[in-house]
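What follows is a short report on a single structure.
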Amino acid sequence: MNDTPAAAPPVAAAPAAAPPAVVAAARPLRASPGYQALVAACGVWAAVMVALALHLADPWWAGISAWVIAQAGNDRHALLAKAGMRFLGTICGCLAGYWLGALLVGPGLFPVALALSLVAWIGAWQRFSSAYAYAWLVFSLTATMAVLAAVTEPASLAPFVLNRWFEITSGIVTYSVVAIILNPAAQHGGPLHAPAAAPAGPAAGSAASAQWMAVEHTALIAALIPPLLLVLWLALDLPSIMQVFISTLVLVDRDIGQMRTRSRQRLIGCLVGGAGGILLAIVLPDSLFLWSLSLFTGLFLLAFVHQGNPKTAYYGTQGGLAFLMGLVTGAGPPASILPVVERVVGITIGVAVLVLVAALIRPHMARRLRAAAPA
């Protein structure tokens, strides 16, 4: 009998780990502006293609929804939080807008102006005082669009609300899936709306008072704009009235100087992006492949601008929105550039009206701040 212990069976070799140098090199690559622009372009392009495949009424809304949440970059927490707030704001805005729209069919202009002012006031107030600012912005935008749909085409209110919900949800889900796949090890940032450090000492009361006054004036600006826009719309037959309202609500800000800067950047970005979309709509042949390739390329370039210098990032953001509205007008390549031109004109009018109202309110705001300042 052989007492020699049997040799242990050979242990399977563990799979070789990726060299540390490769892992270290992949991290900065994924955080680079070029890679993040690529992720944004892929996700938004996919959102538009999915919307087209589902035969949604306005697939550019899916693209815009994807483009907006793409601004979170490779911060997984910010991406999912923004996607969730856009989804929740859309649902609540659709429900509130449908209810208001159904009530406002027929009574006349005054109740419509009052309802739109109330929605704008609530949205602006909560946007600048709540931890869920983006959800409140989306809520006010969606509810406003539903009310305008009820006023302009009452029979289309229910289809409008359902279409917006399907399009926006499709864009959110598609982009989120693509971003998670292409950013598997995305960074996890802190809270989106961390409260700012409160000033200490005697300055605390005056600083808090000034902040609340700024919120009040911002909500007042937002509430004054809808009646003025409705009057201009009826008197001048303004094109793309929804784009006019969207531009004003998006750009309202507590900081008047920042609002004017953002207005200028939105106008220039939309002119550049819209002009690019219009030009491509004119020169491109009737080819889905070339249209799709042009869409992806334009989105990548504009996303790269957004990922670059923070001082000029908003140009890329707004250029991308206008570019999407220029190239995605229906079930495929645009058949006419007229809708694109009307949207760009609507954005321009909205910016002009907002700057005018803010300029009229600014002296009143300055007087109240001086009166509240400690002696």
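For residues 90-121, the ring-ring contact (aromatic ring centres under 6.0 Å, His included) pairs, not counting sequence neighbours, are W121-W125. Applying the salt bridge (Lys or Arg N to Asp or Glu O under 4.0 Å) test to every pair with at least one member in residues 154-175, sequence neighbours left out, gives these pairs: D58-R164, R164-E167.
Residue I221 holds its CD1 atom at 11.0 Å from CG of L356, rounded to the nearest 0.5 Å. Rounded to the nearest 0.5 Å, atoms CG (L295) and CG (L288) are 10.0 Å apart. Atom CD1 of I91 sits about 6.5 Å away from atom OG1 of T169, to the nearest 0.5 Å. Between the CG atom of L299 and the CH2 atom of W67 there is a distance of 5.5 Å, given to the nearest 0.5 Å. In this structure, L38 CG and L182 CG are separated by 7.0 Å, a value rounded to the nearest 0.5 Å. With rounding to the nearest 0.5 Å, the separation of CG in L280 from CH2 in W291 is 11.5 Å.
You'll find the side chain of L228 reaches within 4.5 Å of the side chain of V357, heavy atoms only. Residues L88 and M85 are not in side-chain contact: their nearest non-hydrogen atoms beyond the backbone lie 4.5 Å or more apart. Side chains of L321 and V68 form a contact here, defined as non-hydrogen atoms less than 4.5 Å apart. With contacts defined as side-chain heavy-atom distances shorter than 4.5 Å, the pair Q36/H306 does not qualify. D75 places none of its side-chain heavy atoms less than 4.5 Å from the side chain of L79. You'll find the side chain of F87 reaches within 4.5 Å of the side chain of W165, heavy atoms only. Using a 4.5 Å heavy-atom threshold, the side chains of V48 and W60 count as separate. Contact of the L229 side chain with the W233 side chain is not registered, since no non-hydrogen atoms from C-beta on lie closer than 4.5 Å.
Nearest heavy atom pair, residue V178 against residue A46, reads CG2-CB, 4.0 Å. Shown here for A47 and A66, the closest heavy-atom pair between the two residues is CB-CB, 3.7 Å. In plain terms, the two heavy atoms of A40 and A303 that are nearest each other are CB-CB, 4.0 Å. Smallest separation of non-hydrogen atoms from V252 and F128: O-CZ, 3.3 Å. Closest non-hydrogen pair, G350 versus T248, comes out as O-CG2, 3.1 Å.
Shown here is F166, whose CZ atom has no more than 12 heavy atoms of other residues, nucleotides or ligands within 6.0 Å.
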Should Q243 and M325 be marked as a side chain to side chain contact (heavy atoms under 4.5 Å, CB included) after you check the CA-CA gap, both sets of side-chain angles, and the distance that decides it?
-> CA-CA 11 Å; Q243 286 302 321; M325 290 189 292; 3.6 Å; yes

**Message:** Let's go through S170 and L54 carefully: what are the C-alpha distance in whole Å and the side-chain angles of both, what is the deciding distance for side chain to side chain contact (heavy atoms under 4.5 Å, CB included) to 0.1 Å, and is it a yes or a no?
**Reply:** CA-CA 9 Å; S170 169; L54 294 175; 4.2 Å; yes

### Task
Kindly indicate, with the supporting measurements, whether the criterion side chain to side chain contact (heavy atoms under 4.5 Å, CB included) is fulfilled by C42 and F296.
CA-CA 7 Å; C42 289; F296 178 86; 3.7 Å; yes

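Linking ILVMFWY residues whenever their side-chain heavy atoms come closer than 4.5 Å, directly or via other members, places L230 and L103 in the same cluster. The cluster map of Ile, Leu, Val, Met, Phe, Trp and Tyr, joined by side-chain heavy atoms under 4.5 Å apart, puts L52 and F323 in the same cluster. Hydrophobic cluster membership is shared by L109 and I225, with clusters built from Ile, Leu, Val, Met, Phe, Trp and Tyr side chains linked at under 4.5 angstrom. L114 and L100 fall into different hydrophobic clusters, defined by Ile, Leu, Val, Met, Phe, Trp and Tyr side-chain heavy atoms under 4.5 Å apart, directly or through other members. One hydrophobic cluster holds both I241 and L116 under the rule that ILVMFWY side chains link at heavy-atom gaps under 4.5 Å.
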Can you give me every donor-acceptor pair (side chain of residues 138-151, partner residue at least two apart or in another chain, under 3.5 Å) with its distance?
unit_1, atom_1, unit_2, atom_2, d
S140, OG, W136, O, 3.3
S140, OG, L137, O, 2.8
T142, OG1, V138, O, 2.8
T144, OG1, S140, O, 2.7

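Residues forming a side-chain hydrogen bond (donor to acceptor under 3.5 Å, both in side chains) with S294 (at least two apart in sequence, or on another chain): none. Qualifying salt bridge (Lys or Arg N to Asp or Glu O under 4.0 Å) partners for R127, counting only residues two or more places apart in sequence or in other chains: none. Residues that satisfy the side-chain contact (heavy atoms from CB on, under 4.5 Å) test with L118, not counting sequence neighbours, are I122. For the side-chain hydrogen bond (donor to acceptor under 3.5 Å, both in side chains) test, residues two or more places apart in sequence or in another chain that qualify with W45 are S292. Not counting sequence neighbours, the partners of S156 by the side-chain contact (heavy atoms from CB on, under 4.5 Å) test are E153. Residues forming a side-chain hydrogen bond (donor to acceptor under 3.5 Å, both in side chains) with S247 (at least two apart in sequence, or on another chain): R266. Scanning for side-chain hydrogen bond (donor to acceptor under 3.5 Å, both in side chains) contacts around Y315 gives an empty result, with sequence neighbours left out. Listed by chain and residue number, V177 satisfy the side-chain contact (heavy atoms from CB on, under 4.5 Å) test with I181 (two or more places apart in sequence, or in another chain). Shown here are the side-chain contact (heavy atoms from CB on, under 4.5 Å) partners of S176, two or more places apart in sequence or in another chain: I69, A83, I172.
The closest donor-acceptor contact from the side chain of S130 to the backbone of A133 lies at 3.5 Å or more, if one exists at all. Remark: the backbone N or O of N183 is paired with a side-chain donor or acceptor of R76 at under 3.5 angstrom. Using a distance-only test at 3.5 Å, with no hydrogens or angles considered, no donor-acceptor pair links the side chain of Q265 to the main chain of T317.
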